[in-house]
Amino acid sequence: MRSSVIRSFDPEMTVNSGQAFLWHQVNKNWYGVHGDCIVKFSKSADGFEFSSFPERKGVERDLFRLDDDIDSISAEMSLDPLIAGLLNTYGGLRLMRQDPAQCLFSFVCASNINIPMIRKMLYTLAKRYGQKVFVDGMEFHTFPSPEAMSGVSESDLRACGLGYRAKAVKAVAQGIESGTLDLALLKKAGYADAKQELLKIYGVGPKIADCVLLFSLDKLEAFPIDVWIARALAAHYDWLGKFGEKLTARQYEALSESARKHFGCHAGYAQQYLYYHMRQGKKW
DNA sequence: ATGCAGGGACGAT
DNA sequence: ATCGTCCCTGCA
C-alpha cells in the first residue's frame, strides 16, 4: 500500500542539498547563480515565487526539474524501504537541472575539499571573471562563460584559491573552447557515451563525471558515489559489497552499476536523498 | 601546536 | 591494484 505522502516541492531544501553551490539567502529571499542569469525565489502566501534576471518565464520548471513525474519516480524509488522513508522525511528535495558548464567547472573544483571552500572558490571566480549585474539593488556576478575562463591563466586561477584544481579548470575551459568537449551534444547522448567523453578531460574522474551527468545533463541513472554515499551503502546495503570509503576505479564502477540496477533508471534521485540524509546535522 | 578531514583524481610503483 | 601527492583552510 503506497502511502499518500505529500511531497510539496521545497526549493530551499533543494538548493541547500549540496548539488548546487552558488545560492544564498537575503531576508527571506534566495538568490542563485545559474549560468549567465541570476535566479530568485521567495516564499509567498501560496507556495514559492520565482523570477530570474534577465527574465526567463518559468525558469523554475527547467531548473528544478518540475517536468519530472515525481510521483512515478517516487513510487519506483519506494520499492526500497530506506528510500521510501527518506522520501517521507525529505519529500521536498528535488534534483536540479543546472547550467552544464557551470556544473562541470563547479565539481572539478570540488575534489578533496569541503562545501564552504567550494563556494568560496566559485564566488571568487564569478566575481573576477563573471559579469556584474544588479538585482534588487544588490551586486551579483554571473558564472564566467567558458570563453572567459579559457582566457584565464592557470596561475591566475590559482590566485582564486583553486590550488591544484586550477589545472583541471583550465583543461575544462580549453576542452569546451576547442570544441573537443560539446556539452550540448552530451545532453542528447546516452549515459555511457556522455560519461566516456567527460572522463577524457583532465581532472574529471568517475565521481565528478556522474555529478555533472546527473545535475546538468539529464542522466538520472547517474549515481555519484562520494565518501558519504559510500558510507551509506556500507551501512545499509551489505549486499552492495564490502568496500571501504575509498573506492578504486573498478570498485566505483561496480558499485554504481549495482546501485543503478537496484534503484532503477532514476537512481540519481535516490542518491540525492541518501546524500541529504547522511549530511543531516552537518553544517556547511 | 600538529594532525586531520573535507562531495577525488592523477601519476608512479 | 595499491599508495603517495596535490593546494588550502578550519577545527580539534
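Just so we're on the same page: letters track the sequence lines, and every chain starts at 1.
Look at CH2 on A:W228: it is 12 Å from P on B:dA5, rounded to the nearest Å. If you take CD of A:E154 and P of C:dC6, they are 15 Å apart, rounded to a whole angstrom. A:D210 places its CG atom 18 Å from the P atom of B:dG7, with the value rounded to the nearest Å. Rounding to whole angstrom units, CZ of residue A:R119 and P of B:dG6 are separated by 19 Å. Atom pair A:N16:CG and B:dG7:C1' shows a separation of 15 Å (rounding to whole Å applied). Atom OH of A:Y252 and atom C1' of B:dG7 are 10 Å apart (whole Å). Between A:L95 atom CG and B:dG7 atom C1' the separation is 15 Å, expressed in whole Å. If you measure from atom CG of A:L233 to atom C1' of B:dG7, you get 14 Å, rounded to the nearest angstrom.
Aromatic pair A:F64/A:F50: ring centres closer than 6.0 Å. The six-membered or imidazole ring of A:Y123 lies away from that of A:F140, with a centre-to-centre distance of 6.0 Å or more.
The A:R165 side chain lies nearest to C:dC7 when the options are B:dG7, C:dA1, C:dC7. Of the candidate nucleotides B:dG8, B:dG7, B:dG11, B:dG8 has the atom nearest to the side chain of A:Y164. When each of C:dC7, B:dG7, B:dC10 is scored by its nearest atom to the side-chain atoms of A:Y202, the top-ranked nucleotide is B:dC10. Comparing B:dG7, B:dG8, C:dC7 by their nearest atom to the side chain of A:R158 picks out C:dC7. Relative to the side chain of A:P224, the nucleotides C:dT9, B:dG7, B:dG8 differ in distance, and B:dG7 lies closest. In this structure, the nucleotide among B:dG8, B:dG6, B:dG7 sitting nearest to the side chain of A:D226 is B:dG7. Of the candidates B:dG7, C:dA1, C:dC7, the closest approach to any side-chain atom of A:N114 belongs to B:dG7. The side chain of A:R279 has B:dG7 as its nearest neighbour among C:dC6, B:dA9, B:dG7.
Using bins of under 30°, 30° to 60° and over 60° for the plane-to-plane angle, the ring pair A:Y90/A:Y276 lands in the perpendicular bin.
Salt bridge present: A:R56 and A:D36 bring a charged side-chain N and a carboxylate O closer than 4.0 Å. Taking 4.0 Å as the cut-off between side-chain N and carboxylate O, A:D10 and A:R94 do not count as a salt-bridged pair.
Between A:F107 and A:I208, the closest heavy-atom pair is O-CD1, 3.1 Å.
Taking atom P in both C:dA12 and B:dG7, the straight-line distance is 15 Å, to the nearest Å. Taking the P atoms as reference points, C:dG4 lies 13 Å from B:dC4, given to the whole Å. Taking atom P on both B:dA9 and C:dT9, the two are 22 Å apart, rounded to the nearest angstrom. Distance noted for atom C1' between B:dA5 and C:dT5: 16 Å (whole Å).
Ranked by how close their nearest DNA chain B nucleotide is to the 5' end, A:Q272 and A:I201 are led by A:Q272.
Judged by centroid separation below 5.5 Å and plane tilt below 30°, A:Y275 stacks onto the base of B:dG7.
Within the 4.0 angstrom heavy-atom criterion, base atoms lie near A:K246.
When each of A:F223, A:F215, A:Y252 is checked for a side-chain contact (heavy atoms from CB on, under 4.5 Å) with A:D210, only A:Y252 meets the rule.
Both key distances under 3.5 Å define a Watson-Crick or G-U pair, and stretches of 3 or more such consecutive pairs in DNA chain C run B:2-6 with C:8-12, B:8-13 with C:1-6.
Follow the hydrophobic side-chain contacts under 4.5 Å out from A:V33 and you reach A:V26 in the same cluster.
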